[in-house]
Amino acid sequence: MSAVLLITDLPAELSAELTQRFGLTLSDSATGWHLRWVEQQLVLRHTDMPKQGDIVVDFASAAATYRRQHGGAKSEGIAKACGLHKKRDLQIIDATAGLGRDALVLANVGAHVTLVERNPLVAALLYNGLQRAAAHASTAELASRMQLHFAPALQALTCLPTADVVYLDPMFPPREKSALVKKEMRAFHDVVGSDTDADALLEPALALAKYRVVVKRPGYAQVLAQREPQLVVKGKNNRFDVYIKQAIT
Ligand SMILES: C[S@@+](CC[C@H](N)C(=O)[O-])C[C@H]1O[C@@H](n2cnc3c(N)ncnc32)[C@H](O)[C@@H]1O
């Protein structure tokens with residue numbers, strides 16, 4: 001991970017916390033991506049794209065609120081794939097948490113989610129997003145079901161206690177020239193790069209999960225680690241490959 005610029009407008013206490021928790025330091029950013037403090041929230045900004053390219057974790061945003069209000073165990077493909085229509089309070093490890101959007105859907109249905117993220121910038125955004133969610137009346141209960149674990153997934157999958165479900169959503173190279181790939185997705189890809197070790201996550205995930213492992217893939221992508229799932233749940237742009245270990249009881 002290249003050097004990171006922690007802009008000085010961050011509250012001193014938060015800046016110290018981000019250094020201590022995620023190793024973020026005040027230094028020049030080789031990539032142009034840097035953290036800023038904007039309207040009481042932590043944002044990831046690119047020097048060439050002030051403001052309009054900001055990446056933020058906001059569990060109370062309009063889009064997140066809509067999803068919280070309308071997403072259910074039966075209507076959300078991800079929830080069905082994880083088995084939340086059978087049991088709502090499953091313990092789930094989201095081993096590639098990213099901006100926490102999938103974790104939000106799972107926790108909203110009732111799951112307790114451990115969000116594993118290895119990228120320090122993304123982990124810092126999640127950390128701040130969860131702090132703000134915990135302090136907000138409409139999202140506090142939801143936040144209480146989400147816990148951040150800053151580590152590489154391979155390490156987390158060998159040291160975390162057994163979970164009911166392990167969920168994986170590794171980065172997949174965006175299709176060149178595809179108009180469907182949103183600008184934000186491209187930017188995010190720019191920050192975290194490709195997950196070249198994604199195949200290696202399936203075995204430890206299967207070893208740790210009690211009931212199943214769920215892998216999110218773009219519709220056109222091959223299966224992870226060349227291993228065929230027992231079940232496929234189709235979403236709008238993605239599919240969820242489900243590797244079943246035992247029935248959810
Ligand atoms: C496609 S994004 C996940 C998006 C996420 N599902 C969401 O809803 O926001 C993949 C994320 O997983 C993280 N990641 C990839 N491989 C990882 C690994 N081995 N350990 C931990 N995090 C990983 C990347 O840094 C990136 O933030």
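Both counts, for ligands and for their atoms, begin at 1 and track the order of listing. Only this structure's heavy atoms are used, side chains among them; waters, hydrogens and symmetry mates stay out. This structure is a prediction, so every number in the text was calculated from the model and none was measured.
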I need the contact type for Phe188 against ligand 1. Using non-hydrogen atoms and a strict under-4.0 Å cut-off, is it side chain, backbone, both or neither?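 Side chain only.
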Tell me the contacting part of Ala156 for ligand 1: side chain, backbone, both, or neither, using a 4.0 Å heavy-atom threshold, strictly below.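 No part of Ala156 is near ligand 1 at this cut-off.
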Scan side-chain atoms only and decide if Arg21 and Tyr127 contain a donor-acceptor pair under the 3.5 Å cut-off.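 Checked: Arg21/Tyr127 side chains pair up, N/O donor to acceptor below 3.5 Å.
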Do any N/O atoms on Ala153 end up under 3.5 angstrom from N/O atoms on ligand 1?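 Such a contact does occur with ligand 1.
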Please determine if Asp102 has a nitrogen or oxygen closer than 3.5 Å to a nitrogen or oxygen of ligand 1.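 Among all N and O atoms of Asp102, at least one is under 3.5 Å from an N or O of ligand 1.
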Got a donor-acceptor contact below 3.5 angstrom from the His70 side chain to the Arg68 backbone?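 Answer holds: no.
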Just say parallel, tilted or perpendicular for the rings of Phe150 and Phe22, cut-offs at 30° and 60°.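 Ring orientation, 0 to 90° scale: perpendicular.
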Just which atoms of ligand 1 are under 4.0 Å from any heavy atom in [X]?
X      : result
Gly100 : 7 (C), 9 (O)
Ala97  : 5 (C), 7 (C), 9 (O)
Ala151 : 21 (C)

Atom 3 (C) of ligand 1 - nearest protein heavy atom and its distance: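 The closest heavy atom on the protein side is Thr96 O, 3.3 Å.
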Do me a favour and list the nearest non-hydrogen protein atom to atom 13 (C) of ligand 1 with residue, atom name and distance?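 Result for atom 13 (C) of ligand 1: Glu117 OE1, 3.3 Å.
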Value rounded to 0.5 Å, distance of NE2 in His149 from CG in Leu115: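 So the NE2 of His149 and the CG of Leu115 are separated by 11.5 Å.
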Is any NZ, NE, NH1 or NH2 atom of the basic residue among Arg101 and Asp169 found under 4.0 Å from an Asp or Glu carboxylate oxygen of the other?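 Salt bridge between Arg101 and Asp169, a charged N being under 4.0 Å from a carboxylate O: no.
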